[in-house]
Chemist: 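First the structure, then my questions, so here it is.
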Amino acid sequence: MLYETSLSEDATFIYPFTDPENLGHHDLAETILRSDASKLGELSSKIRSTDKACVLSSEEFCYLPPSALKTFGAYLQPADVSIVYYVRDFLTILHPWWQEQVKHGGTQTFLEFALGCLVQPHSLHLLIPDVMLTNWASAFGRNNINIFRYDTIPDVARQFADDMLDLALPLDSFTAVNKSYTYIETEMVRFWNRLGVRGEDLIQSPKVGGLSADIVTEARDFIKHFSLSYAMPSFAAIEEILLTRWRDRIGGPFGQYLFETRERTNAYVHPDFWVVRSDLAERMRAFASGWPPKSR
């Protein structure tokens, strides 16, 4: 929605270096990471030459080290830079991030992924926002950091336009969202990924409906649950560090805690399902036969 708005002649902002097929700035993030002087000089010159606000957005920005950010910051001078970060409730972020990993070829079960995050929270960048925020603050200044609580915002694109671009979007404007799957659909994608094919391609097939419905029905007896809460030291520490070091940079009212949900129960399919119901596993294999292997 914001991208389409930026294309109008009277728009006050732009998404530089993008097109309808490539809306994210992942290539820019790679250029910053490499500190490619030639490309950085060319790109930053285009940014400085416009009188419109430039919106740069990429998940890859989270991984950039301080040295690369400081180099990029030097190229942007004397432009005013604002850093916008949407922090998500750490109890609710695990499943959607696992789903993203599976959509891109991941093979870990949800339980394996969640336990890994619990044992080693520093293994997932979303669980160490203080590190990322500190890196960006070292390059662009602490007062230029703006933090918003994702889970409290009904429409992030509309809120970003209002708070950061001073732009009121039409009430009937449509905000696109990433394709999301149910837990069972994601588990099916993961199973196919293990077979060496692109599971996301198969789950989108119009012929998958019957197989998917059967698996949903039969998997019910294998659904298990586990709970995560801010009573756990690893999650409590993440929230406490954010409040201690960044409270004044977080937008919106909140009380003692940053996140309202203090405990969350997660469902998962026990791995025995595919062994006990080997007939369904065989149907999954048969459905995948003939599909090209996923590229490496």
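Quick note: numbers below take in every heavy atom, side chains included, and nothing from hydrogens, waters or symmetry partners. Note that the coordinates shown come from a computational prediction; the quantities given were computed from them, not determined experimentally.
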Chemist: Is there a donor-acceptor contact under 3.5 Å from the side chain of His25 to the main chain of Pro16?
Modeler: yes
Chemist: Is it the case that one hydrophobic cluster holds both Met284 and Ile184, taking links as side-chain heavy atoms less than 4.5 Å apart, direct or via other members?
Modeler: yes
Chemist: Measuring from atom OG of Ser57 to atom NE2 of His26, what distance do you get when rounded to the nearest 0.5 angstrom?
Modeler: 8.0 Å
Chemist: Please list, chain by chain and in numerical order, all residues satisfying side chain to side chain contact (heavy atoms under 4.5 Å, CB included) with Met132, sequence neighbours excluded.
Modeler: Cys62, Tyr85, Trp136
Chemist: With distance as the sole test, does Ser138 use its side chain to make a donor-acceptor pair with the main-chain N or O of Asn135 at under 3.5 Å?
Modeler: yes
Chemist: Going by side chain to side chain contact (heavy atoms under 4.5 Å, CB included), name the residues that satisfy it together with Arg34, two or more places apart in sequence or in a different chain.
Modeler: Glu30, Thr31, Asp36, Lys39
Chemist: Decide yes or no on side-chain contact (heavy atoms from CB on, under 4.5 Å) for Phe259 and Leu91, but give the supporting numbers first.
Modeler: CA-CA 9 Å; Phe259 305 110; Leu91 303 184; over 6 Å; no
Chemist: Under the side-chain contact (heavy atoms from CB on, under 4.5 Å) criterion, do Cys117 and Leu127 qualify, and how do the steps go?
Modeler: CA-CA 8 Å; Cys117 292; Leu127 298 182; 3.8 Å; yes
Chemist: Just by distance, no angles: are the side chains of Tyr181 and Glu187 close enough, under 3.5 Å, to form a donor-acceptor pair?
Modeler: no
Chemist: Just so I know, are the side chains of Leu133 and Ile83 near enough to count as touching, which here means a heavy-atom distance under 4.5 Å?
Modeler: no
Chemist: Keeping Trp98 on the side-chain end and Gln108 on the backbone end, is there a donor-acceptor pair under 3.5 Å?
Modeler: yes
Chemist: Is Leu126 reachable from Ile147 through a run of hydrophobic residues whose side-chain heavy atoms are each under 4.5 Å from the next?
Modeler: yes
Chemist: Taking Asn193 for its side chain and Gly199 for its backbone only, find out whether a donor-acceptor pair lies under 3.5 Å.
Modeler: yes
Chemist: Considering only heavy atoms from C-beta outward, does the side chain of Thr92 approach that of Arg264 to under 4.5 Å?
Modeler: yes
Chemist: So do Arg142 and Asp248 actually touch side chain to side chain, heavy atoms under 4.5 Å?
Modeler: yes
Chemist: Considering only heavy atoms from C-beta outward, does the side chain of Ile241 approach that of Pro129 to under 4.5 Å?
Modeler: no
Chemist: Is atom CD of Gln120 surrounded by more than 12 heavy atoms (other residues, nucleotides or ligands) closer than 6.0 Å?
Modeler: no
Chemist: Quick one: closest heavy-atom pair of Arg198 and Lys103, and the distance?
Modeler: NH1-O, 4.3 Å
Chemist: Please round to the nearest 0.5 Å and tell me the distance separating atom CE of Met188 and atom OG1 of Thr182.
Modeler: 8.5 Å
Chemist: Is the Phe160 ring parallel, tilted or perpendicular to the Tyr86 ring (thresholds 30°, 60°)?
Modeler: tilted
Chemist: Could you check whether any side-chain N or O of Arg249 sits under 3.5 Å from a backbone N or O of Asn146, counting only pairs where one atom can act as donor and the other as acceptor?
Modeler: no
Chemist: Any sub-3.5 Å donor-acceptor pair from Tyr183's side-chain atoms to Val269's backbone N or O?
Modeler: yes
Chemist: Look up atom CD in Glu42 and atom CD1 in Ile47, then write down how far apart they are to the nearest 0.5 Å.
Modeler: 11.0 Å
Chemist: Any chance you could measure Asn266, atom CG, to Leu111, atom CG, to the nearest 0.5 Å?
Modeler: 10.0 Å
Chemist: Please find the pair of heavy atoms, one from Phe254 and one from Gly252, that lie closest to each other, and give the distance.
Modeler: CD2-O, 3.2 Å
Chemist: Do any N or O atoms from the side chain of Glu239 and from the backbone of Leu258 form a donor-acceptor pair under 3.5 angstrom?
Modeler: yes
Chemist: Do any N or O atoms from the side chain of Arg190 and from the backbone of Gln99 form a donor-acceptor pair under 3.5 angstrom?
Modeler: no
Chemist: What are the two closest heavy atoms between Phe17 and Leu43, and how far apart are they?
Modeler: CZ-O, 3.3 Å
Chemist: When you measure from the side chain of Arg88 to the backbone N and O of Ile93, does any donor-acceptor pair fall under 3.5 Å?
Modeler: no
Chemist: Would you check if Phe61 and Leu56 make a side-chain contact, meaning some heavy-atom pair closer than 4.5 Å?
Modeler: yes
Chemist: Under the side-chain contact (heavy atoms from CB on, under 4.5 Å) rule, what do Met164 and Phe148 come out as? Steps first, then yes or no, please.
Modeler: CA-CA 11 Å; Met164 302 308 302; Phe148 298 101; 4.1 Å; yes
Chemist: Write down the atom of Leu280, the atom of Phe273, and the distance for their closest heavy-atom approach.
Modeler: CD1-CZ, 3.6 Å
Chemist: Side-chain polar contacts of residues 64-81 - donor-acceptor pairs under 3.5 angstrom, sequence neighbours left out - could you list them?
Modeler:
| unit_1 | atom_1 | unit_2 | atom_2 | d |
| --- | --- | --- | --- | --- |
| Thr71 | OG1 | Ser67 | O | 3.0 |

Chemist: Hey, is CD on Glu260 packed in by over 12 heavy atoms from elsewhere, all under 6.0 Å?
Modeler: no
Chemist: Flag the pair Tyr15 / Thr5 as yes when at least one side-chain heavy-atom distance between them is below 4.5 Å, and no otherwise.
Modeler: no
Chemist: If you take all heavy atoms of Lys52 and Ser8, which pair is closest and at what distance?
Modeler: NZ-O, 4.3 Å
Chemist: Is the number of heavy atoms from other residues, nucleotides or ligands within 6.0 Å of CG (Asp27) greater than 12?
Modeler: no
Chemist: Would you say Asp166 and Thr12 make side-chain contact, with heavy atoms under 4.5 Å?
Modeler: no
Chemist: Are Leu7 and Phe13 joined in one hydrophobic group, where the rule is that I, L, V, M, F, W and Y side chains link up if heavy atoms are under 4.5 Å apart?
Modeler: yes
Chemist: Is the count of non-hydrogen atoms from other residues, nucleotides or ligands lying under 6.0 Å from Tyr63 atom OH greater than 12?
Modeler: yes
Chemist: Between side-chain atoms of residues 221-237 and protein atoms elsewhere (two or more places apart, or another chain), which donor-acceptor pairs fall under 3.5 Å?
Modeler:
| unit_1 | atom_1 | unit_2 | atom_2 | d |
| --- | --- | --- | --- | --- |
| Ser227 | OG | Thr265 | OG1 | 3.1 |
| Ser229 | OG | Ala231 | N | 3.1 |
| Tyr230 | OH | Asp89 | OD1 | 2.6 |
| Tyr230 | OH | Phe90 | N | 3.1 |

Chemist: Counting heavy atoms not belonging to Arg262, are there more than 12 under 6.0 Å from its CZ?
Modeler: yes
Chemist: Partners of Phe287 by ring pair (Phe, Tyr, Trp, His ring centres under 6.0 Å), sequence neighbours excluded?
Modeler: Trp192
Chemist: Output, in order, the C-alpha distance, side-chain angles, deciding distance and verdict of side-chain contact (heavy atoms from CB on, under 4.5 Å) for Val276 and His270.
Modeler: CA-CA 10 Å; Val276 176; His270 195 284; over 6 Å; no
Chemist: Would a single hydrophobic cluster contain both Phe110 and Leu118, if residues Ile, Leu, Val, Met, Phe, Trp and Tyr are joined by side-chain heavy-atom contacts under 4.5 Å?
Modeler: yes
Chemist: Are any of the side-chain heavy atoms of Asp163 and Val84 separated by less than 4.5 Å?
Modeler: no
Chemist: So with a 6.0 Å cut-off around CD of Glu240, is the heavy-atom count from everything else above 12?
Modeler: no
Chemist: Are Leu115 and Phe113 connected, step by step, through hydrophobic side chains (Ile, Leu, Val, Met, Phe, Trp, Tyr) whose heavy atoms are closer than 4.5 Å?
Modeler: yes
Chemist: For Leu40, does its backbone N or O pair with a side-chain atom of Ser44 as donor and acceptor, under 3.5 Å?
Modeler: yes
Chemist: Got a second to check how far Leu243's CG is from Asp130's CG, nearest 0.5 Å?
Modeler: 11.5 Å
Chemist: So which atom in Ile203 and which in Val208 form the shortest heavy-atom distance, rounded to 0.1 Å?
Modeler: O-CG1, 3.5 Å
Chemist: What residues form a ring pair (Phe, Tyr, Trp, His ring centres under 6.0 Å) with His122, not counting sequence neighbours?
Modeler: none
Chemist: What's the separation between atom CD in Gln159 and atom CZ in Arg149, rounded to the nearest 0.5 Å?
Modeler: 11.5 Å
